Novice: 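To start, I am sharing the structure in question, which I have written as structure tokens.
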2 protein chains.
Amino acid sequence: MKRTTIKDVAEKAGVSTAAVSYVLNGREGKVSEETLAKIHKAIEELNYIPDFSARSLASKRSSLIGVVIPQTENDKRLLLENPFYSDLICGIEAELRQHGYHVLISGVEKGQSYLDLTMQRNLDGAVIMGIYQESFYEELKKVDIPIVLIDSYINDDSFKKIRIDDELGGYLATKHLIEQGHTNIGLVTGMIRKDGVVEKRYLGYKKALSEANLFYDHDLVFEGQVSYEYGLEAGIEIAERHKHLTAVFATSDMMAYGVINGLRQGGLQVPDDISVMGFDDISLSDIFYPKLTTVHQDIKARGLAAARYLIDVLDGKQNLDSGVTLLPISIKERDTVRRIK
Amino acid sequence: MKRTTIKDVAEKAGVSTAAVSYVLNGREGKVSEETLAKIHKAIEELNYIPDFSARSLASKRSSLIGVVIPQTENDKRLLLENPFYSDLICGIEAELRQHGYHVLISGVEKGQSYLDLTMQRNLDGAVIMGIYQESFYEELKKVDIPIVLIDSYINDDSFKKIRIDDELGGYLATKHLIEQGHTNIGLVTGMIRKDGVVEKRYLGYKKALSEANLFYDHDLVFEGQVSYEYGLEAGIEIAERHKHLTAVFATSDMMAYGVINGLRQGGLQVPDDISVMGFDDISLSDIFYPKLTTVHQDIKARGLAAARYLIDVLDGKQNLDSGVTLLPISIKERDTVRRIK
DNA sequence: TTGTAAGCGTTATCAG
DNA sequence: CTGATAACGCTTACAA
């Protein structure tokens, strides 16, 4: 069947297409009560559905927001199995949809640019999760839309950053362990890259140690992928070869789960034999047993904040902001850290 | 900066826009080697990026695939925290992206239609997860694009269905428990609605019971939300008031985790005091402890199959198919079921 | 307040 | 094989 167009509506209502367009776009001030009613009636009767492609072509606005999600290196699958990202998306999508925007999700191939997609689809805005090479951000700057960075510490005022204080988090976590009497504290972490979330957490760890006059031993830093699997590996190794450790700080909950299971595989019970602290407080923390003591951040709030920012800028309610919004964190005590001595 | 258009490319290459368009769309047979080279060169030099809105407007093809995800009733958030759906999306997105399609995710408000979005965005195809009211499907039929249903048992040949045999799964799970010596088997399940996945699994449960000449006791069926929380609730109740049960079959892994934790809260250990069987084999099954015995299905493969189908139909490699593709399932024995007697 | 009409960037038809 | 050119459906000056 042929598509109902704005022309059909205009005809039926006995007005011009311009009038209809005005109504469609909420510029109702430009139209008299009477025509407004006629147009609404016509839209209703014809069951008119606007064509966003045409709208986008004519107006350069697409009502589309791109969300970039990190992906696994090998099979290029989105890292959606990490609840951190899926939680984030939940918040973003819900908020955007309620404001008339749609969400285009995608990963970005290594070394590829997101500029393409942005231009192809006339994206109105974007949320970038994950960390990329410098060139990625450079490319992105060329495009003139509001962009929110979720976990990059890149210092660039072309982008809005919605962050937590990761260094503080790492510090608080480690300090918490120290306060519970631990002095031999291992760190299980992702690759420590400059300007990455992981680096900050690592820095916080070091800071807490030095503040407590504890020796920083690089051998106690287990650096690998930010994944359950690597945590498992590290846990096993710790159980085998680092029996003097009384606590481990894992820089993400997923890794912490891995560590706990790895330790268990190696014959150590958490928290009886060794304490484990996580970071993120992903929703799984409720399900996993024993319940993980961790650094809490409100992930959904972060998604919400990202969405809100974009909406406000696009609606003209807020100016482009290249600053940082810092969301609060706190220590969530549960059952994987034991007081010793 | 002004956008580079096909016109610029044509000019630079000294050919017509038509020629460029042909090249862009892979109809290279229509163009001589020489012009082809010139055009490629011009595209390269100008760094030309096609505008999909314009393309979509002119061609009625958008290279956009809609993915509908169920959402929570109260706060309208996508059910992405359920790894079943996020796993699915991983598979779908990866495959589609590699074939030049983009993924638009969204939930659908209760009572709302997806037809709107489909028309607005000129979606080329869609994957529908979750179960909706009949009217939802009726609406959807009006649109003429390939659509894949992931977990609906609706019987309608406007849609392609990619399923597993849920009844068989329920049957196998229950039978497995029976074979391990269990005779008092509770069922923790989502709301049993006609034509839902859950109903089929429930039917399988009953079938296995009756086949083994076991009495079906409706009091042992705990029916609630398909969620960790409800599982927890059911687990607690079972621990308190149904001590004669030796096994529980939960119709989804998430529920099974809830059940196990609920039982534990009630003082029962799994599998020592009571056995628990899940369904789905979501990726968490690896992480959760004790490791869940469950009905395995390859969730990513299901996403892949959905994507492949759409791609093949859209590429004209396959006809619209209103049939059912059945993916295999199997019992995955891990550590939550104990042989008794 | 309303209508006209010129784009927006592509595709695709139809002559050359 | 190539090139004009008319759509596609909508927005938005600009004119009335």
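Since we're looking at a predicted model, the values are computed, not measured. Reminder, nothing fancy here: chain letters follow the sequence lines and each chain counts from 1.
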Novice: Please round to 10 degrees the angle between the axis of the first five pairs and the axis of the last five pairs in the helix from C:dT1-D:dA16 to C:dG16-D:dC1.
Specialist: 40°
Novice: May I ask you to evaluate whether A:Ser16 reaches the phosphate of C:dG3, defined as a side-chain N or O under 4.0 Å from OP1 or OP2?
Specialist: yes
Novice: Not counting sequence neighbours, list each pair that qualifies as a salt bridge (Lys or Arg N to Asp or Glu O under 4.0 Å) and has a residue in residues 94-105 of chain B.
Specialist: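 Qualifying pairs: A:Glu109-B:Arg97, B:Glu93-B:Arg97, B:Glu95-B:Arg308.
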Novice: Nearest whole angstrom, please: distance from the P of C:dT10 to the CZ of A:Arg121.
Specialist: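 Nearest whole value for this atom pair: 13 Å.
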Novice: Between atom CG in B:Asp51 and atom P in D:dC10, what is the gap in whole Å?
Specialist: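 About 16 Å, once rounded to whole Å.
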Novice: Assess whether a salt bridge exists between A:Lys160 and A:Asp321, defined as any Lys/Arg side-chain N lying under 4.0 Å from an Asp/Glu carboxylate O.
Specialist: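 Counted as a salt bridge, because a side-chain N and a carboxylate O are separated by less than 4.0 Å.
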Novice: Rounded to the nearest Å, what distance is computed from the NZ atom of residue B:Lys60 to the P atom of nucleotide C:dG9?
Specialist: 17 Å
Novice: Whole-Å distance between C:dT10 C1' and B:Leu57 CG?
Specialist: 8 Å
Novice: Within the structure, does a side-chain N or O atom of A:Ser56 lie under 4.0 Å from either OP1 or OP2 of D:dC10?
Specialist: no
Novice: Collect all protein-nucleotide pairs involving nucleotides 12-15 of chain D in which both atoms are nitrogen or oxygen and the distance is under 3.5 Å.
Specialist:
| residue | atom | partner | partner atom | Å |
| --- | --- | --- | --- | --- |
| D:dT12 | OP1 | A:Arg61 | NH2 | 3.3 |
| D:dT12 | OP2 | A:Arg27 | NH2 | 2.7 |

Novice: Which residues pass the side-chain contact (heavy atoms from CB on, under 4.5 Å) test with A:Asp51, sequence neighbours left out?
Specialist: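 Expected list: A:Arg3, A:Ser53, A:Ala54, B:Leu57, B:Lys60, B:Asn122.
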Novice: Whole Å only: how far is the CG atom of B:Leu24 from the C1' atom of C:dA12?
Specialist: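 My rounded result for the distance is 14 Å.
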Novice: Within this structure, what is the CG-to-P distance between A:Asp8 and D:dC10, rounded to whole angstrom?
Specialist: 9 Å
Novice: Please check the phosphate of C:dC8 (OP1 and OP2 only) for any side-chain N or O of B:Ser53 closer than 4.0 Å.
Specialist: no
Novice: Answer yes or no: does a side-chain N or O of A:Arg55 lie under 4.0 Å from OP1 or OP2 of D:dT11?
Specialist: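 Yes.
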Novice: Taking salt bridge (Lys or Arg N to Asp or Glu O under 4.0 Å) as the definition, give me every residue that meets it alongside A:Lys161, ordered by chain and number, with sequence neighbours left out.
Specialist: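 Partners of A:Lys161 under the salt bridge (Lys or Arg N to Asp or Glu O under 4.0 Å) test: none.
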Novice: Given atom OH of B:Tyr48 and atom P of C:dG9, what is their separation to the nearest angstrom?
Specialist: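 The distance from OH of B:Tyr48 to P of C:dG9 comes to 10 Å, rounded to the nearest Å.
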Novice: Once ring-ring contact (aromatic ring centres under 6.0 Å, His included) is applied, do any residues pair with A:Phe136, and if so which ones, sequence neighbours excluded?
Specialist: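 Here the qualifying residues are A:Tyr132.
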Novice: For the side chain of A:Val15, counting heavy atoms from C-beta on, which of C:dG3, D:dG3, D:dC10 is nearest?
Specialist: C:dG3
Novice: Identify, with sequence neighbours excluded, every residue that meets side-chain hydrogen bond (donor to acceptor under 3.5 Å, both in side chains) alongside A:Arg302.
Specialist: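 A:Arg302 satisfies side-chain hydrogen bond (donor to acceptor under 3.5 Å, both in side chains) with A:Gln297 only.
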Novice: Taking the basic N atoms (NZ, or NE/NH1/NH2) and the acidic carboxylate oxygens, is any pair closer than 4.0 Å for A:Lys41 and A:Glu45?
Specialist: yes
Novice: Applying salt bridge (Lys or Arg N to Asp or Glu O under 4.0 Å), can you list everything that pairs with B:Asp116, at least two apart in sequence or on another chain?
Specialist: none
Novice: Which residues pass the side-chain contact (heavy atoms from CB on, under 4.5 Å) test with A:Asp157, sequence neighbours left out?
Specialist: A:Ser322
Novice: Would you tell me if any nitrogen or oxygen in the side chain of B:Thr35 comes within less than 4.0 Å of OP1 or OP2 on D:dC1?
Specialist: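 No, B:Thr35 has no side-chain N/O under 4.0 Å of OP1/OP2 on D:dC1.
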Novice: Rounded to the nearest Å, what distance is computed from the CD1 atom of residue B:Ile6 to the P atom of nucleotide D:dT5?
Specialist: 17 Å
